[in-house]
Trainee: 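Input: one structure, supplied below.
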Amino acid sequence: MKNFKQIISKLISENIDIDEKEIYMYIEMPKDSKNGDYSFPCFKLAKELKKAPPVIAQELKEKLDEKIADISDIEKVDIVGGYLNFYISPISFTNEVLNEFETQPKIGSSKIGEGKKIVIDYSAPNIAKQFHIGHLRSTVIGGALYRIYQHLGYTVIGINHIGDYGTQFGKLIEGYKMWGSEYDIEKDPINELTKIYVRISDLCKKDEKVLQACRDNFKKLEDGDEYCVSLWTRFRNLSLTEFQKVYDLLGSKFDSWNGEAFYSDKMPEIISILEKTGKLEESQGARIINLEDKGINTPCIIEKTNGSTTYATRDLAAIVYRARNYDFDKALYVVSYEQTLHFKQVFEVAKLLGLDEKYTKGLEHVSFGMVLLPTGKMSTRDGNVISLDDLLKESISRARDIIEEKNPSLEGKDEISKKVGIGAIIFNDLANSRVKDEIFDWNQILNFQGETGPYIQYTFVRTQSILEKAGIKDAPDLKSVKPEILQDMYAQDIIKLLYDFTDVLIQVTDKNEPSILSRYLIELSKAFSVFYNENKIMADDEDVRNSRIYLTYAVRKSFETRC
Ligand code: ARG
């Protein structure tokens, strides 16, 4: 596809002697199409050119007016305030989009990421604990980023950094040793293990000796003690089988399941590097890195009093491992904002590990807000938890109720309830800017008329049924389309959106913000809905009909895009 933004950047740069890339960065897309398709804010150059923005705009317009007379893609340039607004000819947009759908098998894809590697650390539930709604957000946001990066040509490595290590396993082992026979952990692993965990934690609070035994267990586990390792392996496998049920429902996949324990034999190297830096300090029996001079008041604990490692040490070992094995350009950590301090500390200490700057600069915490019930925080302690498995099942059953009410004779109700119920939950997690806390409200999530997953699915199905009625199986014939028919504002709104698809995906990766794509899909659904209501698709005139059918096909194809 012709890149109009680039054509404009080039044109401007040739006429004011400023680097094309710089211009490209400044060009905006006006929200209101009255202000053109692309807009160049001249005030960005005021300092550099030592001229007032309206003067720059005027001078540029005079030069460009002459040039664009020969460029059929650009209709006109005008000035509004310090902005230079460019109007692309609608027929050019139309031709570009039609051509793209005809020739490009993967709509929206790009080569921008070729040769670059992105590691995404996401999901990462903890063994023997509930896979909770925060892990769901991580799984969904991480999974979306994974596919979007891949679509743009990046090599992506998705890692499920399972929480399978730490003192809690010492507790669990102790609890199991004491009361294992009372619990059926094969039947209902997570719940039974959680019960043991709660019980032993209570005992630890009362009995210092038990607490010590738990700590020792974890140390033994790290040292490879046979009994501890075998119990740990059993807990881990049982938990992973449970988690897989959720991943199957969500369609989540990972390239690596290296959890925290994987790094247990890689920790000594980290500690020895840190020792050599002279920054590793003793503090009340533990070993820490003080980060006060970096503006972080809480030190990073590297080794606890009994010599066992911490969550942070394991993350440090993981950074070194990932740098060596994946040679990443970016390593993203899709984890709740509650861990902001942890990642600040870890990324700062990582700079002491002697890695190439490329790696430490590529580390990024992609944080997200909490999921709140209308009644407040969901937490693991106060019993206000919703297990993820239950949540997904409830969504499916609510979707089913809606179908029973609205369309009881629908075929394939089981399959459709599943798609709608799960789609609704996934979309809800992606719909708002990720840093915002999210209020989990069933009425909103499953509202077919709202800005929701079901609304997008509904639009998709509608395009599908129009195409079926028109007898289109694969793709309609582009030769039957007359671009000049698609010049009305309703068709043009869709065409502009379709043209922007790749750009939207690039914006997602610039900010690691999938909600930009969600917003876009809502806009596209709305634009299609207006188009459908205003323009009769199955028109009597054959050319009109064929052209509108093709546009419907293009919308469907965009919705269908997957890697
Ligand atoms: N297991 C952790 C938790 O549930 C999240 C791990 C995130 N990834 C990481 N590399 N620290 O809180």
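Count residues from 1 along the sequence. All values derive from a computational prediction rather than experimental measurement. Every heavy atom of this structure was used, including side-chain atoms; hydrogens, water molecules and symmetry mates were not. Atoms within each ligand, like the ligands themselves, are counted from 1 in listed order.
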Trainee: Go through Trp179 and Tyr176 one step at a time and tell me if the ring pair (Phe, Tyr, Trp, His ring centres under 6.0 Å) criterion holds.
Mentor: CA-CA 5 Å; Trp179 317 298; Tyr176 189 81; over 10 Å; no

Trainee: Can you say whether the rings of Tyr311 and His342 are parallel (under 30°), tilted (30 to 60°) or perpendicular (over 60°)?
Mentor: parallel

Trainee: Could you please provide the protein residues found below 4.0 Å of ligand 1 on a heavy-atom basis, arranged by chain and number?
Mentor: Asp121, Ala124, Asn126, His135, His161, Tyr311, Asp315, Tyr333, Val335, Gln339, Phe343

Trainee: Ring pair (Phe, Tyr, Trp, His ring centres under 6.0 Å), that's the test. Do Tyr359 and Phe328 meet it? Break it down for me.
Mentor: CA-CA 7 Å; Tyr359 301 119; Phe328 60 78; 5.3 Å; yes

Trainee: Who passes salt bridge (Lys or Arg N to Asp or Glu O under 4.0 Å) against Asp202, sequence neighbours left out?
Mentor: Lys205

Trainee: Spell out, as yes or no, whether a donor-acceptor pair under 3.5 Å connects the side chain of Asp223 to the backbone of Asp225.
Mentor: no

Trainee: Verify the ring-centre separation between Tyr165 and Phe218: is it less than 6.0 angstrom?
Mentor: yes

